[in-house]
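Since the structure comes first, as structure tokens, the remarks are kept for the end.
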Amino acid sequence: MSDIPPDLIWERAAPPDATGPGPWIELAFGAGDDGEAPVYIRETSDPENVVTTNRRKWDAFVLGVQAGEFDHFVEGVEDTTETTGPEANPPHA
């Protein structure tokens, strides 16, 4: 993990009211603001195992998630969130 900057600020991808140890995915954005700037991804249960990509690929992945391109990976998976109301099950485009 020597090529991972030690001063990264890790952001946990978890609901704001989440409690418990997770495991959660954490992201850190490296120096730079162009498409080749590094993006680091790790899981809280194994923080030494870091995957690196770049901002261009990360942005494409996020847009794909928002567009529903990966929904088939969670078909049949029970939703364990406790959110109620219309925001709990937003309509798919």
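Model, not experiment: these values are computed from the prediction.
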Shortest non-hydrogen contact between P5 and L8, atoms and distance: O-CG, 3.4 Å

Report the distance from atom CZ of F61 to atom CD of E69, rounding to the nearest 0.5 Å. 10.0 Å

Can you measure from CD1 (I9) to CG (D7) and round to the nearest 0.5 angstrom? 8.0 Å

I'd like to know if V65 and F73 are part of one continuous hydrophobic network [Ile/Leu/Val/Met/Phe/Trp/Tyr, side-chain heavy atoms within less than 4.5 Å]. yes

Sequence neighbours excluded, which residues qualify as side-chain hydrogen bond (donor to acceptor under 3.5 Å, both in side chains) partners of S45? E43

Using atom types as modelled and distance alone, determine if a side-chain donor or acceptor of T44 lies under 3.5 Å from a backbone N or O of W24. yes

Tell me if the CG atom of D33 is crowded by more than 12 foreign heavy atoms within 6.0 Å.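 Atom CG in D33 is not crowded, with 12 or fewer foreign heavy atoms closer than 6.0 Å.
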
Using a 4.5 Å cut-off on heavy atoms from C-beta on, say whether the side chain of [Y] contacts that of [X].
X: I25; Y: I41; value: yes
X: L27; Y: W58; value: yes
X: V51; Y: Y40; value: no

Show me the side-chain donor-acceptor pairs of residues 10-17 shorter than 3.5 Å, one per line, residues at least two apart or across chains.
| from | atom 1 | to | atom 2 | distance (Å) |
| --- | --- | --- | --- | --- |
| R12 | NE | E26 | OE2 | 3.3 |
| R12 | NH2 | E26 | OE2 | 3.1 |

Side chain to side chain contact (heavy atoms under 4.5 Å, CB included) between V39 and D59, worked out: CA-CA 10 Å; V39 176; D59 289 347; over 6 Å; no

Could you tell me which residues satisfy salt bridge (Lys or Arg N to Asp or Glu O under 4.0 Å) with E36, sequence neighbours excluded, listed by chain and number? R56

In plain terms, say whether R42 and D46 are close enough for a salt bridge, that is, a side-chain N and a carboxylate O under 4.0 Å apart.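 No.
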
